[in-house]
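Input: a single structure, listed below in structure tokens.
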Number of protein chains: 2
Amino acid sequence: MKLEVQIIMNPSLYLRDPEQSELGKNIIKFSIQLIQKNGFEAFTFKKLAKAIGTTEASVYRYFENKHKLLVYIISWYWGWLQFQIDYQTNNITDPLVKLRIVIKILATNVEDDKMTSHVDESLLHQILIVEGTKAFLTNHVDKDNKQQLFQPYKDLCRIVSNIILECNPNYKYPHSLASTIIEIAHLQIFFMYNLPSLTDFNKTDKEDQILEYINNLVFSSITK
Amino acid sequence: MKLEVQIIMNPSLYLRDPEQSELGKNIIKFSIQLIQKNGFEAFTFKKLAKAIGTTEASVYRYFENKHKLLVYIISWYWGWLQFQIDYQTNNITDPLVKLRIVIKILATNVEDDKMTSHVDESLLHQILIVEGTKAFLTNHVDKDNKQQLFQPYKDLCRIVSNIILECNPNYKYPHSLASTIIEIAHLQIFFMYNLPSLTDFNKTDKEDQILEYINNLVFSSITK
DNA sequence: AAAGAATAATAGTATTACTATCATTTTTGA
DNA sequence: TCAAAAATGATAGTAATACTATTATTCTTT
């Protein structure tokens, strides 16, 4: 028996649901590979079509444009992370332990999850580090937001902020701290690899150090 | 008598120094206006040329491409902030007070500085919030970094991290905390205006709240 | 007044970001 | 199982972008 996890996506993100066909799944799979490899700016539907062995026109039947496709795969990742958090903190009662687990999920590299056949979460995590904020750092963020495109991100933040409040019901900035954890984890990983003088981490024991830094930041702030 | 501050820029950023001519200064001035108004993605040299009343070819004599121009204005801002920090923390001996001033400089909106005639720092700050990370979140970050394009950002972080160490010589993550302060300030401001459910701030007393949040985060972490 | 530098005017190329049309293949459901 | 519908492929075309090249004009400097 093969278990498959399916993340429910906002239909505004696509024209035709990519989960419903082989071509659709290939669009997702090869997009992740190409964006991770060459970056979002260099990514075009023409190159994607060529990699898949289909035509540009066919890709356009699934996604309006490459930005929507980026938001799709990023939202997918937020949904998947939410599932990971639910799963891995299940049955844990101590909120401090829970928060520590959550931070680990948010701040360290992931392995490919075999429960999702056409998505490589490890590549996706690398995309999130470099391209994650480009989903909303646009001049049409308002329009996108009205279409609920960022709901999975908001949901994730809400879940994390609730755990923060369990740790300290009087903490004044649970949502900001949640979004801070997520974004700082990405930025510090990026800096460590690309602009190391902006961090205090070296490439041995890398993830552990970043984890320690974020844990220190978070726990000293909420337990003070 | 009119005092003018001049920020020294890395010559790799431009083909012809924009400070040395009227056209060059107009390129900077109108770039800031257009990027702030429509976002970096919608910004083109053709539109810029039209706004200035010159031609695309003339703009290309100053800057290789629009990304270099973005990095130019962003670097300019880092240089200007460094000057602000030097200036505003001069003669202050208590490092905790110093750090508090630095955080305020990094995390709140700025007013247009009359000492720099063709640069509107207030607009520039808004550009930094939305486009700042796009300077380095590219697939050519390594090449750009080797050309020292991010030196002003690194210098700024080093200065801030030194102040952090003055506060607590045993603090383990001064560089990471410095880059965290800068980036989180921008992100939280962006979220507050565009995706408020990712923050705990509302639009009254906005800057004060973000400042409080960052101060809480920083000081609880380094004084613990 | 001449030389040199900067700018303007214009044109052109390759790529990107799409849209449209029509033929072919695959799916489906009566 | 056969016809209709849906999905895909093949091809073409457009407007905008991101440049490069060429020549004419104007502006500076000695």
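Every chain is numbered from 1 and lettered A, B, ... according to where its sequence line falls, protein lines coming before strand lines.
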Do any side-chain nitrogens or oxygens of [X] fall under 4.0 Å of OP1 or OP2 in [N]?
{"X": "A/Thr54", "N": "D/dT8", "answer": "no"}
{"X": "A/Ser21", "N": "D/dT8", "answer": "yes"}
{"X": "A/Thr55", "N": "D/dA10", "answer": "no"}
{"X": "B/Tyr62", "N": "C/dA6", "answer": "no"}

What is the separation between atom [atom1] on [X] and atom [atom2] on [N], rounded to the nearest whole Å?
{"X": "B/Lys50", "N": "D/dA18", "atom1": "NZ", "atom2": "P", "value": "16 Å"}
{"X": "B/Asn26", "N": "C/dT7", "atom1": "CG", "atom2": "C1'", "value": "13 Å"}
{"X": "A/Ile27", "N": "D/dG9", "atom1": "CD1", "atom2": "C1'", "value": "13 Å"}
{"X": "B/Leu48", "N": "D/dA16", "atom1": "CG", "atom2": "C1'", "value": "17 Å"}
{"X": "A/Leu70", "N": "C/dA17", "atom1": "CG", "atom2": "C1'", "value": "16 Å"}
{"X": "A/Lys46", "N": "D/dT11", "atom1": "NZ", "atom2": "P", "value": "13 Å"}
{"X": "A/Tyr60", "N": "D/dG13", "atom1": "OH", "atom2": "C1'", "value": "14 Å"}
{"X": "B/Asp17", "N": "C/dA6", "atom1": "CG", "atom2": "P", "value": "12 Å"}

A side-chain contact here means heavy atoms from C-beta on lying under 4.5 Å apart; do [X] and [Y] qualify?
{"X": "A/Trp76", "Y": "A/Ile28", "answer": "no"}
{"X": "B/Ser75", "Y": "B/Asn10", "answer": "no"}
{"X": "B/Leu128", "Y": "B/Trp78", "answer": "yes"}
{"X": "A/Lys68", "Y": "A/Val71", "answer": "no"}

Task: Per A/Leu23 side chain, nearest of listed nucleotides D/dG9, C/dA8, D/dA18 - done: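 Nearest to the side chain of A/Leu23 among the choices is D/dG9.
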
Open item on the list: Can you tell me which nucleotide in C/dT16, C/dA8, D/dT11 comes closest to the side chain of B/Ser58?
Closed with: C/dA8

Open item on the list: If you assign A/Arg61 and A/Glu56 each to the DNA chain D nucleotide with the nearest heavy atom, which residue ends up on the more 5' nucleotide?
Closed with: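 On the 5' side of the pair lies A/Arg61.
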
Task: Whichever of A/Arg16 and B/Lys47 has its nearest DNA chain D nucleotide further upstream toward 5' - done: A/Arg16

Task: Salt-bridge present (A/Glu41, A/Lys134; N to O < 4.0 Å) - done: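 Salt bridge flag = yes for A/Lys134 with A/Glu41.
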
TODO: Report the residue (A/Phe43 or B/Glu22) whose heavy-atom-nearest nucleotide on DNA chain C is the more 5′ of the two.
DONE: B/Glu22

TODO: Would you mind classifying the nucleic acid contact of B/Gln20 as base, sugar-phosphate or nothing, using non-hydrogen atoms under 4.0 angstrom?
DONE: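 Here B/Gln20 touches no strand at all.
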
